[in-house]
Amino acid sequence: MNHEAKKRFGQNFLVDQAIIADIVRAIRPEANDNMVEIGPGLGALTRPLLQHLHLLHVVEIDRDIIARLKTDYPQEKIVIHEGDALQFDFAALDPPLRIVGNLPYNISSPLLFHFAQYAARITDMHFMLQNEVVERMVAEPSTPAYGRLSVMLQYRFYMEKLLDVPPQSFRPAPKVDSAIVRMIPLPKAEIEVGNEMLFARIVAEAFGQRRKTLRNTLKARLVDADFDRLGIDAQLRAENLGVAEFTRIANFLNERVGI
Ligand code: SAM
């Protein structure tokens, strides 16, 4: 039975067996892992993962693919969650979770932010993403790829690009290069952000006008004396600040509330 790839679901199926083997090797599945695969599709990763695991949870939105999942795999080894991964409540599964997937690129950033909410329940995540997104995730300050996504993920996760994957490894071939990234949640004790909502707002405001100085983008919150106390040069731009500096700003403002 043939399946016609659906663009609206970001369907680019992995067909390169060497890459698939590399990905599974990088994931290192162990029999008793609580693993969840996002978007199993035609099973490029699902099948080899099932060779190692007692049980695999999968989250899939496409009804045609769900119908296949119900017939093509040993049902005692696979738990099928039908629906949108963006709405999926990962707290409903027993921790510690391992999440993997060749993600639909059209919703990759919202998906990453959705998973991040469950960081405390997650051991690690391995994803195929557009290479440009992976570069932004792991970027260092003062480089072109560094931005909101880098800061918002780096304060919570240790991240590492593992593998480049060319378009011809997929059917149909995407127009972009891809890469595999590993994300490991940082231990709670290492997360220094006191108020995550405030932190997110400050990062968004600072990067909202990327070319402007912090004095400008954060003028509603910080005066020059505040920058002096923080030891941060107000002439810098958001792209020059590391996670530690954003954390310092957010914690400073959080502590000032009510004064
Ligand atoms: N894992 C397969 C592979 O590597 O060949 C398929 C990967 S394909 C890039 C993305 C998969 O995610 C498709 O199976 C697609 O139907 C599914 N998908 C797309 N949007 C989704 C969503 N919002 N929630 C769950 N699955 C989704």
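What you see is a predicted model, and the numbers here were worked out from it, not measured in a lab. Just follow the structure's listing: the first ligand is 1, and inside any ligand the first atom is 1.
- Under the 4.0 Å criterion applied to side-chain N and carboxylate O atoms, E82 and R63 are not assigned as salt-bridge partners.
- A salt bridge links K6 with D62: the distance from a Lys NZ or Arg NE/NH1/NH2 to an Asp or Glu carboxylate oxygen falls below 4.0 Å.
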Could you list the donor-acceptor pairs under 3.5 angstrom formed by side chains in residues 22-29, with sequence neighbours left out?
residue, atom, partner, partner atom, Å
D22, OD1, R25, NH1, 3.0

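- Every protein residue with a heavy atom nearer than 4.0 Å to ligand 1 is included here: F9, G10, Q11, N12, F13, L14, E37, G39, P40, G41, A44, V59, E60, I61, D62, I65, G83, D84, A85, N102, L103, P104, I107.
- For K77, the side chain to side chain contact (heavy atoms under 4.5 Å, CB included) partners are L50, P74, not counting sequence neighbours.
- The closest side-chain heavy-atom distance from F90 to Q117 is not below 4.5 Å.
- Grouping Ile, Leu, Val, Met, Phe, Trp and Tyr by side-chain contacts under 4.5 Å, direct or through others, puts V79 with L55.
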